[in-house]
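Input: one structure, supplied below.
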Amino acid sequence: QVQLVESGGGLVQAGGSLRLSCATSGRTFSSLTMGWFRQAPGKEREFVAAISWSGGNTYYADSVKGRFTISRDNAKNTVYLQMNSLKPEDTAVYYCASRSGTLGSARPTSYDYWGQGTQVTVSS
């Protein structure tokens, strides 16, 4: 079992920044590949970013490339999502997820455990 707890969401104006955190427990964090997904009202959950267990490989959706940065601190069992130049279309509930594979994946079904989500709202 892996427990995931997101934090850092909130309300921000367009062009602003937020940093999401996802604290994990229950399994050796350094063995997990981590991902961030988001889901807007009425839409399917979509991939945002992923990072391999070592942090050496990162993956991004085209819609956030160049604006968002995923990182991890294995000593703190935490993965981060730094979000800059936020747009109203980034508004969604953001979820972190973990998987046992060594590579990131954009498919939600590839992930084994999920957090409860944190709301990000970007006003225009």
Residue pair Val64 / Met83, side-chain heavy-atom distance below 4.5 Å: no
Considering all heavy atoms, the nearest Leu32-Ser98 contact: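 Leu32 and Ser98 have their closest heavy atoms at CD1-CB, 4.1 Å.
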side-chain contact (heavy atoms from CB on, under 4.5 Å) partners of Ala106, counting only residues at least two apart: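 Expected list: Phe47.
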Cys22 SG to Glu6 CD distance, which is reported to the nearest 0.5 Å: 5.0 Å
Interatomic distance, Cys96 atom SG to Ile51 atom CD1 [nearest 0.5 angstrom]: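 It comes to 12.5 Å.
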Nearest-0.5 Å distance that lies between atom CH2 in Trp53 and atom OG1 in Thr28: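 Those atoms lie 12.0 Å apart.
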Between CG on residue Leu11 and CG on residue Leu18, distance to nearest 0.5 Å: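 Output value for this atom pair is 9.0 Å.
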Atom CD of Gln13 with >12 non-hydrogen neighbours under 6.0 angstrom: no
Distance-minimising heavy-atom pair for Tyr59 and Leu103: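 For Tyr59 and Leu103, the tightest heavy-atom pair comes out as OH-CD2, 3.5 Å.
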Geometric class of the Tyr111/Phe37 ring pair [parallel <30°, tilted 30-60°, perpendicular >60°]: perpendicular
Flag, side chain of Arg99 to backbone of Ser110, donor-acceptor distance under 3.5 Å: yes
In one Ile/Leu/Val/Met/Phe/Trp/Tyr side-chain cluster, 4.5 Å: Val2, Trp114: no
Short N-O contact, Lys87 and Asp90, less than 4.0 angstrom: no
Atom pair CZ/OG1 of Phe29 and Thr24 - distance to nearest 0.5 Å: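 If we round to the nearest 0.5 Å, Phe29:CZ and Thr24:OG1 are 5.0 Å apart.
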Pairing residues for Thr69 by the side-chain contact (heavy atoms from CB on, under 4.5 Å) criterion, not counting sequence neighbours: Tyr60, Gln82
Side chains of Val79 and Trp36 in contact at under 4.5 Å (non-hydrogen atoms):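 Side chain of Val79 against side chain of Trp36, heavy atoms only: contact under 4.5 Å found.
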Donor-acceptor contact below 3.5 Å, side chain Arg38 vs main chain Val120: no
Other residues, nucleotides, ligands: >12 heavy atoms within 6.0 Å of Lys43 NZ: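 Count not over threshold, so no.
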ILVMFWY cluster, Tyr113 and Tyr94 together (side-chain gap under 4.5 Å):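 Yes, same cluster.
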Considering all heavy atoms, the nearest Gly104-Thr33 contact: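 Nearest heavy atoms, Gly104 then Thr33: CA-CG2, 3.6 Å.
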Heavy-atom donor-acceptor pair, Thr91 side chain to Val122 backbone, under 3.5 Å: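 Pair found, side chain donor or acceptor close to backbone of Val122.
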Shortest non-hydrogen contact from Ala49 toward Leu81: CB-CD1, 4.2 Å
Least distance between heavy atoms, Ser124 atom then Ala14 atom: CA-CB, 4.4 Å
Trace of the side chain to side chain contact (heavy atoms under 4.5 Å, CB included) decision for Glu46 with Glu44: CA-CA 6 Å; Glu46 67 171 355; Glu44 293 186 352; over 6 Å; no
Between CG on residue Asn57 and OG on residue Ser52, distance to nearest 0.5 Å: 4.0 Å
